[in-house]
Amino acid sequence: QVQLVESGGGLVQAGGSLRLSCAASGSIFSINAMGWYHQAPGKQRELVATITGSGSTNYADSVKGRFTISRDNAKNTVYLQMNSLKPEDTAVYYCNAIISRTTMGRVLEYMYWGQGTQVTVSS
């Protein structure tokens, strides 16, 4: 019953910017953490950035200083502001969330993935 929907991807020239959004909906007790991963053709899905419910952030070395992750807890939404984009940033970007849900009266933790949004950076 939990769904993550990404938006904001597109085509941009090197040096440009994009802002990705991911909104969580459904049966949610609390969102413990959210993050962004990307996957290029023929490669493994890799961590880009994460943010906890308390606001602690973590970034891949390749995006530090260029990308900023933020959240709006009231909207159950996480954002990824991507600046100074490079061709190597080209990938499908997936939203990830660790969500607490009530299951038969118990609070349990689950991981969810969005369907992805394409980011293409031209040289």
Side-chain angles (χ1 to χ4, degrees):
Q1 291 295 111
V2 174
Q3 182 173 277
L4 305 180
V5 179
E6 303 102 331
S7 62
L11 174 64
V12 65
Q13 292 185 345
S17 298
L18 287 172
R19 191 190 191 203
L20 306 183
S21 299
C22 173
S25 62
S27 181
I28 299 171
F29 183 80
S30 65
I31 299 178
N32 301 324
M34 299 187 79
W36 290 95
Y37 292 70
H38 67 198
Q39 187 169 22
K43 294 187 176 181
Q44 296 291 314
R45 190 172 299 184
E46 297 179 329
L47 170 72
V48 176
T50 60
I51 186 166
T52 68
S54 63
S56 297
T57 58
N58 185 52
Y59 297 91
D61 288 342
S62 62
V63 307
K64 287 181 178 178
R66 299 190 297 122
F67 292 8
T68 302
I69 189 169
S70 61
R71 75 191 193 284
D72 185 336
N73 290 340
K75 296 181 178 180
N76 290 334
T77 299
V78 65
Y79 305 94
L80 185 68
Q81 179 66 48
M82 304 186 294
N83 299 324
S84 301
L85 283 162
K86 303 175 181 179
E88 51 261 44
D89 296 320
T90 296
V92 177
Y93 283 72
Y94 295 91
C95 180
N96 170 267
I98 298 173
I99 295 174
S100 293
R101 298 176 59 199
T102 57
T103 303
M104 302 300 292
R106 298 189 299 169
V107 179
L108 300 175
E109 198 169 64
Y110 300 87
M111 181 180 292
Y112 295 91
W113 292 95
Q115 294 301 305
T117 184
Q118 177 71 48
V119 171
T120 302
V121 184
S122 62
S123 59

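Source: prediction; values computed, not measured.
In this structure, Val119 and Leu20 approach most closely via the heavy-atom pair CG2-CD2, 4.1 Å.
Contact annotation: the side chain of Thr90 approaches that of Gln118 to within less than 4.5 Å [non-hydrogen atoms, C-beta and beyond]. The closest side-chain heavy-atom distance from Ile31 to Asn73 is not below 4.5 Å. For the pair Asn58/Thr52, no side-chain contact is recorded, criterion being any heavy-atom separation below 4.5 Å from C-beta on. Inter-residue side-chain proximity for Ile51 and Val78 is flagged as met; some heavy-atom pair is nearer than 4.5 Å. No side-chain heavy atom of Arg101 sits under 4.5 Å from any side-chain heavy atom of Glu109. Residues Thr103 and Arg106 have side chains not in contact (no heavy-atom distance under 4.5 Å, counting atoms from C-beta outward). The shortest side-chain heavy-atom distance between Ile99 and Tyr110 does not fall under the 4.5 Å cut-off.
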Item to check | Residues Glu46, Gln39; criterion side-chain contact (heavy atoms from CB on, under 4.5 Å); working and verdict | outcome: CA-CA 6 Å; Glu46 297 179 329; Gln39 187 169 22; over 6 Å; no
Next on the checklist: Evaluate Ile69 against Trp36 for side-chain contact (heavy atoms from CB on, under 4.5 Å), listing each step before the verdict.
Outcome noted: CA-CA 8 Å; Ile69 189 169; Trp36 290 95; 3.8 Å; yes
Next on the checklist: One pair to check against side-chain contact (heavy atoms from CB on, under 4.5 Å): Asn76 and Ile28. What are the steps and the verdict?
Outcome noted: CA-CA 9 Å; Asn76 290 334; Ile28 299 171; 4.1 Å; yes
Checklist entry - Are Leu80 and Thr68 close enough, and set up right, to give a side-chain contact (heavy atoms from CB on, under 4.5 Å), and what steps lead you there? => result CA-CA 6 Å; Leu80 185 68; Thr68 302; over 6 Å; no
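Annotation: side-chain contact (heavy atoms from CB on, under 4.5 Å) contacts of Ser123 (sequence neighbours excluded): Pro87. Glu88 pairs by the side-chain hydrogen bond (donor to acceptor under 3.5 Å, both in side chains) definition with nothing, not counting sequence neighbours. Arg45 pairs by the salt bridge (Lys or Arg N to Asp or Glu O under 4.0 Å) definition with nothing, not counting sequence neighbours. Every residue two or more places apart in sequence or in another chain that forms a side-chain contact (heavy atoms from CB on, under 4.5 Å) with Ser84 is listed here: Arg66. With sequence neighbours excluded, the residues that form a side-chain contact (heavy atoms from CB on, under 4.5 Å) with Phe29 are Ser100, Thr102, Val107. Residues meeting the salt bridge (Lys or Arg N to Asp or Glu O under 4.0 Å) test with Lys64, sequence neighbours left out: Asp61. Residues passing the side-chain contact (heavy atoms from CB on, under 4.5 Å) test with Ala23, sequence neighbours excluded: Thr77.
To the nearest 0.5 Å, atom OH of residue Tyr93 and atom CE of residue Met82 are 5.5 Å apart.
Taking Ile, Leu, Val, Met, Phe, Trp and Tyr as members and joining any whose side-chain heavy atoms lie under 4.5 Å apart, directly or through other members, the hydrophobic cluster of Ile98 also contains Tyr37, Leu47, Val92, Tyr94, Met111, Trp113.
Within the structure, side-chain hydrogen bond (donor to acceptor under 3.5 Å, both in side chains) pairs that include any residue of residues 13-30 comprise Ser17-Asn83, Ser30-Asn32 (at least two apart or interchain). A ring-ring contact (aromatic ring centres under 6.0 Å, His included) check over residues 41-91, counting only residues at least two apart or in different chains, returns nothing. Each disulfide bond (SG atoms under 2.5 Å apart) pair with one or both residues in residues 34-72, not counting sequence neighbours, would appear here, but there are none.
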Which side-chain N or O atoms in residues 3-12 pair as donor and acceptor under 3.5 Å with protein atoms at least two apart or in another chain?
residue : atom : partner : partner atom : Å
Glu6    : OE1  : Gln115  : N            : 3.1
Glu6    : OE1  : Gly116  : N            : 2.9
Glu6    : OE2  : Cys95   : N            : 2.8
Glu6    : OE2  : Gly116  : N            : 3.1

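A donor-acceptor pair under 3.5 Å links the side-chain atoms of Arg71 to the main chain of Gly53, judged by distance alone.
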